[in-house]
> 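Handing you this structure, nothing more for now.
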Amino acid sequence: MILYIMSKNKNIAVENDATAKGVIAMLREIAIIGGGAAGMMAAIVAARNGANVVIYEKMNRVGKKILATGNGRCNLTNINLSHQNIGCLHSTNRDLVRNILKQFTVENTIDFFEILGIAHKVEAGGKVFPMSDQASSVLDVLRYEIDKLGISVLCDCEIQSVKKIKDQFLLKDQNGVEYRADRVIMVTGGMSSPSLGSNGSGYGLAKSLGHKVVKPFPALVQLKLESPFLKVIKGIKFDGEASILVDREALRKEEGEILFTEYGISGPPILQLSRSAVEALEYKKKPQLKIDMFPSHTHDELVALISLRLSYQYDRPLDFSFIGLINKRMIPIILKEAGIHHLDKLCSEVSNKEIRNIVKILKDWEFSITGSQTWANSQVTAGGIDVSSICPETLESKLVKGLFFAGEILDVDGDCGGYNLQWAWSSGYVVGNEATIK
Ligand SMILES: Cc1cc2nc3c(=O)[nH]c(=O)nc-3n(C[C@H](O)[C@H](O)[C@H](O)COP(=O)(O)OP(=O)(O)OC[C@H]3O[C@@H](n4cnc5c(N)ncnc54)[C@H](O)[C@@H]3O)c2cc1C
């Protein structure tokens with residue numbers, strides 16, 4: 001016998017009474033607080049399972065952050081990520097991250113978006129982008145699916161309190177309007193880029209329900225350096241290598257385009273290293289940044305190259321001899337840092353020791369890191385809801401039955417390269433599923 005069960009937004013056909021009971025159990029109101037990547041994924045999965053889903057979003061539309069991702073191109077995942085290889089995701093519970101990525105893999109993500117209409121391409125480093133090169137296309141297909149599934153979306157609705165009363169949750173927005181739900185999925189993001197919606201409000205909601213928050217700090221963010229030269233060298237870009245040193249130990253090294261700025265330093269390798277630097281500062285350590293402006297040359301090769309140039313230009317001033325090798329604005333600074341104060345001395349007068357000192361600066365220039373740019377500039381939040389109180393298979397709260405967390409609000413964050421969105425898709429998928437079946 002086919003039964004039709006009226007859900008708020010759709011008719012669900014079921015085959016017999018037993019299944020009908022299952023579906024009735026699934027016809028629960030699921031409140032999703034936050035319409036970002038994780039929230040939209042959770043909503044789609046829960047609605048496909050037959051639940052009544054409402055997304056509560058404080059901004060005037062869902063998915064604003066997605067539009068800003070990948071410089072407007074949306075680096076939606078990374079083919080190098082798998083549950084066996086989670087090195088680019090950071091958390092105090094790595095097993096939890098593995099469990100979740102196993103349940104909704106990178107391949108599942110690519111298929112999910114292909115079915116919605118997003119053809120994909122893989123770029124350097126395994127980064128996956130939509131073929132259209134438009135982040136807006138990713139948001140368009142998600143919103144289309146949300147509409148198609150009849151998911152209710154309440155925008156300009158900031159949830160300011162969540163309480164559990166018996167088996168139900170009571171949510172209240174900024175105007176005092178109350179909403180009821182059987183399950184709550186909290187996906188309010190972290191604190192990074194608050195102009196796109198995520199301002200840390202979810203931490204307060206979670207704390208009011210008994211959860212602890214691991215102190216958040218900005219990651220994937222530009223670094224502030226201590227240096228008297230920044231005003232002169234700001235705007236200079238070069239392909240180089242950067243490493244983070246903490247207690248003289250090199251923690252991590254990255255190559256790519258590096259940019260000096262008025263406050264310090266930026267560029268993809270710096271963003272990638274920033275987590276280790278900011279974490280060290282949080283622990284009151286004194287991290288250093290080491291810059292190698294000639295990563296393709298060893299020290300000896302660079303000494304040989306410079307010696308050769310000086311021998312050709314023996315009757316020219318030393319500072320002039322570096323024109324064509326390094327940015328002109330950099331020359332006096334590099335020479336002074338190398339302890340050479342007569343910048344215009346003749347090349348023939350330069351000693352081997354001085355050449356070695358110059359090479360030391362060009363390859364091992366060290367700066368003290370004094371801080372990072374603000375939340376407004378950071379792309380992701382390290383820290384967040386303490387995962388020790390979260391079930392590592394289902395992402396349900398161990399403290400409050402029926403409450404789930406996913407995405408950046410949790411103490412899980414990733415490197416640059418599609419890892420953060422993959423975490424949002426995988427964890428969103430798991431909670432969307434679990435909230436309908438548990
Ligand atoms: C500029 C930029 C570029 C990025 N590029 C990439 C990239 O290319 N690839 C990648 O993998 N990652 C990228 N990231 C990181 C990635 O976008 C995030 O990690 C991911 O979007 C997090 O998803 P989320 O759903 O957990 O949180 P969010 O996307 O932050 O969504 C949270 C939502 O909750 C809403 N909200 C917050 N509080 C409340 C409340 N109390 N009531 C109702 N609604 C609320 C917010 O308005 C927001 O819409 C980038 C981030 C930034 C800022």
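Everything numeric here is computed off the predicted structure, so don't read it as measured data.
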> Is the CG atom of Asn175 crowded by more than 12 outside heavy atoms at less than 6.0 Å?
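Buried by this count: over 12 neighbours within 6.0 Å.
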> Cut-off 3.5 Å, side chains only: do Ser91 and Asp411 have a donor facing an acceptor?
no
> Could you check whether any side-chain heavy atom of Lys290 comes within less than 4.5 Å of a side-chain heavy atom of Lys253, counting everything from C-beta outward?
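A side-chain contact under 4.5 Å is absent here.
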> Are Arg252 and Asp415 close enough for a salt bridge, meaning some N to O gap below 4.0 Å?
yes
> Does anything in residues 265-274 pair up under side chain to side chain donor-acceptor pair (under 3.5 Å), and if so which pairs, sequence neighbours excluded?
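Listed once each, the pairs would be none.
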> For Asp173 and Tyr56, which I'm curious about, is there any donor-acceptor pair between the side chains at under 3.5 Å?
no
> Per the side chain to side chain donor-acceptor pair (under 3.5 Å) rule, what does the pair list look like for residues 190-206, sequence neighbours excluded?
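Qualifying pairs: Lys65-Ser198, Ser192-Ser378, Ser192-Thr381, Asn199-Ser201.
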> Please tabulate, for side-chain N and O atoms in residues 222-250, each donor-acceptor pair with protein atoms closer than 3.5 Å (sequence neighbours left out).
from: Ser227; atom 1: OG; to: Phe229; atom 2: N; distance (Å): 3.1
from: Arg248; atom 1: NH1; to: Glu366; atom 2: OE1; distance (Å): 3.0
from: Arg248; atom 1: NH2; to: Glu366; atom 2: OE2; distance (Å): 2.9

> Side chains of Thr298 and Asp300: do they bring a donor and an acceptor to under 3.5 Å?
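No donor-acceptor contact under 3.5 Å links the two side chains.
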> Verify whether one side chain among Gln422 and Thr77 offers a donor that lies under 3.5 Å from an acceptor in the other.
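Side-chain D/A pair, Gln422 to Thr77: present.
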> List in chain and number order the residues that pass ring-ring contact (aromatic ring centres under 6.0 Å, His included) with Phe294, two or more places apart in sequence or in another chain; answer none if no residue qualifies.
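For Phe294 the ring-ring contact (aromatic ring centres under 6.0 Å, His included) partners, ignoring immediate neighbours, are His297.
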> Taking ring-ring contact (aromatic ring centres under 6.0 Å, His included) as the test, write out the residues that go with Phe322, two or more places apart.
none
> Within the 3.5 Å criterion, strictly below it, is a donor on Asn377 or Thr374 matched to an acceptor on the partner's side chain?
yes
> Listed by chain and number, what are the ring-ring contact (aromatic ring centres under 6.0 Å, His included) partners of Tyr419, not counting sequence neighbours?
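ring-ring contact (aromatic ring centres under 6.0 Å, His included) list for Tyr419, sorted by chain: empty.
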> Got a sec, which residues hit side chain to side chain donor-acceptor pair (under 3.5 Å) with Asp156, two or more places apart in sequence or on another chain?
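Per chain and number, Asp156 pairs via side chain to side chain donor-acceptor pair (under 3.5 Å) with no residue.
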> Using the test side-chain contact (heavy atoms from CB on, under 4.5 Å), find all partners of Asn85 that sit at least two apart in sequence or belong to another chain.
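If we apply the side-chain contact (heavy atoms from CB on, under 4.5 Å) test to Asn85, skipping adjacent residues, the hits are Ser82.
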> I need the full list of ring pair (Phe, Tyr, Trp, His ring centres under 6.0 Å) pairs touching residues 61-96, with sequence neighbours left out, sorted by first then second residue.
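Residue pairs with at least one partner in residues 61-96: there are none.
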> Are a donor atom and an acceptor atom from the side chains of Asn420 and Glu408 found within less than 3.5 Å of each other?
no
> With sequence neighbours excluded, tell me which residues meet salt bridge (charged side-chain N to carboxylate O under 4.0 Å, His left out) with Lys360.
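Here the qualifying residues are Asp364.
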> Quick one: list whatever passes ring-ring contact (aromatic ring centres under 6.0 Å, His included) with Phe112, sequence neighbours left out.
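Per chain and number, Phe112 pairs via ring-ring contact (aromatic ring centres under 6.0 Å, His included) with no residue.
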> Under 3.5 Å, which donor-acceptor pairs link side chains of residues 113-123 to any protein atom two or more places apart or in another chain?
from: Glu114; atom 1: OE2; to: His120; atom 2: N; distance (Å): 3.4
from: Glu114; atom 1: OE2; to: His120; atom 2: ND1; distance (Å): 2.6
from: Lys121; atom 1: NZ; to: Asp133; atom 2: OD1; distance (Å): 2.9
from: Lys121; atom 1: NZ; to: Asp133; atom 2: OD2; distance (Å): 2.9
from: Glu123; atom 1: OE1; to: Arg73; atom 2: NH2; distance (Å): 3.0
from: Glu123; atom 1: OE2; to: Arg73; atom 2: NH1; distance (Å): 3.0

> Is a salt bridge present between Arg61 and Glu57, judged by a nitrogen-to-oxygen distance below 4.0 Å?
no
> Is it the case that the side chains of Ser389 and Asp386 hold a donor-acceptor pair, with the cut-off being a distance below 3.5 Å and no angle test?
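No, no side-chain donor-acceptor contact under 3.5 Å.
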